[in-house]
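Only a predicted model underlies this, so the values are computations on that prediction, with no experimental measurement involved. Order of the sequence lines sets the chain letters (A, B, ...), proteins ahead of strands, with each chain counted from 1.
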Amino acid sequence: MSRVAGRTDWAEEEDDNDVQLPAQQITKNKDGTETIITYRIGDDGKKYKTTRRIKKTVIKQVVNPRVAERKAWAKFGQEKGKAAGPQTDTVSVAENIHFRPVANWKASTEDKGEDEKKQMELKNAKIKCRICSGDHFTTKCPFKDTMAPEGDVAPADMPDDAPGGAQGGLGTGAGGYVPPHLRGRGGAGEKMGGKFDRDDSATLRVTNVSEMAEEQDLRDMFSRHGHVTRVFLAKDRETGRAKGFAFVSYADRDDAAKACEKMDGFGFGHLILRVEFAKKA
DNA sequence: AATGAGCGA
């Protein structure tokens, strides 16, 4: 009794009763895996040795490039002139929250950026303006209002007695211009009220999409619930910056309904997706 | 908060 009374370290006493166990051993294997050997005493009082072989996955922390860029800014406003980093008197730093990052989240954007650039260059190399020979479409030419395509004579300037089709000008080609009302399926009258006649009955509108997400990311996520026929990620035409919403179409409306239920509230990147059926069928 | 294109070469 008195022997115990003076003691404060009860945990140590507990240890004294235990059989001494060998320390955990970790061995690194050539193939990148690790073997971990641990020892424990089971409920039955027997000594157990556990051998586990694990593969470590490196999770690269993803920082939004725009956020990273802001971090390099010089301080301004009331914090102007202060040293870099958070000031403890004005800023409290929250713990780093890892928010359910998805498996296929793009860890690096650099390499794919170059890929895309090359694709664009290839595409652009093929097009040649018929007016100024620039690398844009004729309709995009800055001179399209003031100049006619090379080798053509503007109709207004064409004399009435000009030989028809001699220069292969506008309106003389067999497969030339097709008026809007004759385009598309058979050219019947406008039945659909909307501008676009796509079928949106199995289309979901996805909002609160991280601006770092790409169409392929969405396709990957939504494909597990059915056959995705189309993914449209809204972007600004000039800047290419994602607008934060997208449309995902399924071949089957039932799949769309299931996906809608499953994916609404799904954590993607650092945001929670909102998914509902698209309006304007 | 937010409902999408470009047609060609």
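- A donor-acceptor contact under 3.5 Å is formed by the side chain of A:R230 with the base of B:dG4.
- Nucleotides of DNA chain B nearest to A:K235 and A:T207 differ in position, and the one nearer the 5' end is that of A:T207.
- Residues passing the side-chain hydrogen bond (donor to acceptor under 3.5 Å, both in side chains) test with A:N208, sequence neighbours excluded: none.
- Less than 4.0 Å separates DNA chain B from at least one heavy atom of each of the following residues of residues 247-255 of chain A: A:F247.
- In the set B:dG4, B:dA2, B:dG6, the nucleotide with an atom closest to the side chain of A:R205 is B:dA2.
- With sequence neighbours excluded, the residues that form a side-chain contact (heavy atoms from CB on, under 4.5 Å) with A:K82 are A:K75, A:E79, A:Q87.
- Checked against side-chain hydrogen bond (donor to acceptor under 3.5 Å, both in side chains), A:E261 has no partners two or more places apart in sequence or in another chain.
- Out of B:dA5, B:dA2, B:dG6, the shortest distance to the side chain of A:R237 is found at B:dG6.
- A:F245 is linked by a side-chain contact (heavy atoms from CB on, under 4.5 Å) to A:T207, A:A234, A:K243, A:F247, counting only residues two or more places apart in sequence or in another chain.
- In terms of modelled atom types and a separation under 3.5 Å, the side chain of A:R253 and the main chain of A:S201 share a donor-acceptor contact.
- Atom C1' of nucleotide B:dG4 and atom CG of A:D199 are separated by 15 Å, given to the nearest angstrom.
- Partners of A:D254 by side-chain contact (heavy atoms from CB on, under 4.5 Å), not counting sequence neighbours, listed by chain and number: A:D252.
- In this structure, A:R274 atom CZ and B:dA1 atom P are separated by 9 Å, rounded to whole Å.
- Atom-to-atom, CD of A:E238 to P of B:dA5 comes out at 11 Å; the value is rounded to the nearest Å.
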